[in-house]
Amino acid sequence: MSAATPDILRPVHVDAEPFGQAGVRQYFGRIVTWVCVTGMICAGGMWYRSTFWLDSLEWRGGSEELRISSIGGRLKVTGSTFERKVNNNSGWLYRGRTFQMMRDVWQESVYKTIGIEFGREPGNTSAIGGFWLRIKWYLVAGVCAVIPLVQLLLWLKRSKEEAV
């Protein structure tokens with residue numbers, strides 16, 4: 001025999017999550033999507049701008065140099081180490097200028113969207129070591145477009161399911 005007791009059906013009080021973590025989680029996907037959309041638009045703009053304009057941001061410190069450039073449809077990051085102190089001026093420097101023709105030793109191909117090499121940058125004979133990395137701007141824009149595209153496909157799937 002079993003008897004029903006009123007204590008079993010009593011509601012249990014549960015404390016809310018501390019610091020509102022459940023609320024923040026629901027916006028994380030949207031924030032990442034909008035960051036990716038912004039990155040995609042910026043990469044597309046830099047891709048267009050780099051066809052006629054050279055942007056270069058440099059940092060020099062003693063015997064080291066780091067340069068981030070946008071030229072010819074590519075983002076290029078180079079780091080160089082020199083045997084002795086190259087310049088007494090250390091710090092950041094921005095340069096921008098137009099260019100007409102670019103002689104590029106990097107042969108165009110589908111597989112050459114990213115180039116990475118350790119050692120001296122080609123043409124830099126005064127450096128004793130370093131690295132360079134080149135990425136085509138359209139690859140950066142494409143990678144940034146993946147998450148918004150997935151979000152759009154998921155939204156379309158949900159709207160179809162709700163319509164049925």
- Message: A quick test of your reading: do over 12 heavy atoms of other residues, nucleotides or ligands sit less than 6.0 Å from CZ of Phe52?
- Response: yes
- With Leu139, which residues qualify under side-chain contact (heavy atoms from CB on, under 4.5 Å), at least two apart? Thr113, Ile114, Ile135, Val143
- Message: Under 4.5 Å between side-chain heavy atoms, counting indirect links through other Ile/Leu/Val/Met/Phe/Trp/Tyr residues: same cluster for Met40 and Trp47 or not?
- Response: no
- Query: Linking I/L/V/M/F/W/Y whenever their side-chain heavy atoms sit closer than 4.5 Å, directly or via other members, would Tyr48 and Trp53 fall into one cluster?
  - Reply: yes
- Item | Identified side chain to side chain contact (heavy atoms under 4.5 Å, CB included) counterpart of Leu54 within the set Arg95, Arg49, Arg97 | Arg97
- Message: Could you measure the distance from the NZ atom of Lys76 to the CZ atom of Arg134? Nearest 0.5 Å is fine.
- Response: 6.0 Å
- Task: Sequence neighbours left out, what pairs pass salt bridge (charged side-chain N to carboxylate O under 4.0 Å, His left out) with at least one residue falling in residues 139-157?
- Result: none
- Task: Walk me through it: do Leu133 and Leu75 pass the test side chain to side chain contact (heavy atoms under 4.5 Å, CB included)?
- Result: CA-CA 8 Å; Leu133 164 72; Leu75 173 66; over 6 Å; no
Taking only distance into account, with no hydrogens and no angle test, what donor-acceptor pairs under 3.5 Å do side-chain atoms of residues 31-39 form with protein atoms, sequence neighbours excluded?
| from | atom 1 | to | atom 2 | distance (Å) |
| --- | --- | --- | --- | --- |
| Thr33 | OG1 | Gly29 | O | 2.7 |
| Thr38 | OG1 | Trp34 | O | 2.8 |

- Test Leu66 against Glu64 for side chain to side chain contact (heavy atoms under 4.5 Å, CB included), laying out the working first. CA-CA 7 Å; Leu66 177 69; Glu64 298 174 342; over 6 Å; no
- When Ile, Leu, Val, Met, Phe, Trp and Tyr are grouped by side-chain heavy atoms lying under 4.5 Å apart, directly or through other members, which residues fall in the same group as Leu156? Leu152, Trp155
- Query: Linking I/L/V/M/F/W/Y whenever any side-chain heavy atoms sit under 4.5 Å apart, do Phe28 and Leu154 land together?
  - Reply: no
- Check the pair Phe131 / Thr81 against side chain to side chain contact (heavy atoms under 4.5 Å, CB included), numbers first and verdict last. CA-CA 9 Å; Phe131 70 93; Thr81 306; over 6 Å; no
- CA sep, side-chain torsions, deciding dist, call: Trp59, Ile68, side chain to side chain contact (heavy atoms under 4.5 Å, CB included): CA-CA 9 Å; Trp59 174 80; Ile68 303 170; over 6 Å; no
- Message: Going by the rule side-chain contact (heavy atoms from CB on, under 4.5 Å), which residues pair with Ser70 if we only count those two or more places apart in sequence or in a different chain?
- Response: Met46, Ser50, Asp55, Trp137
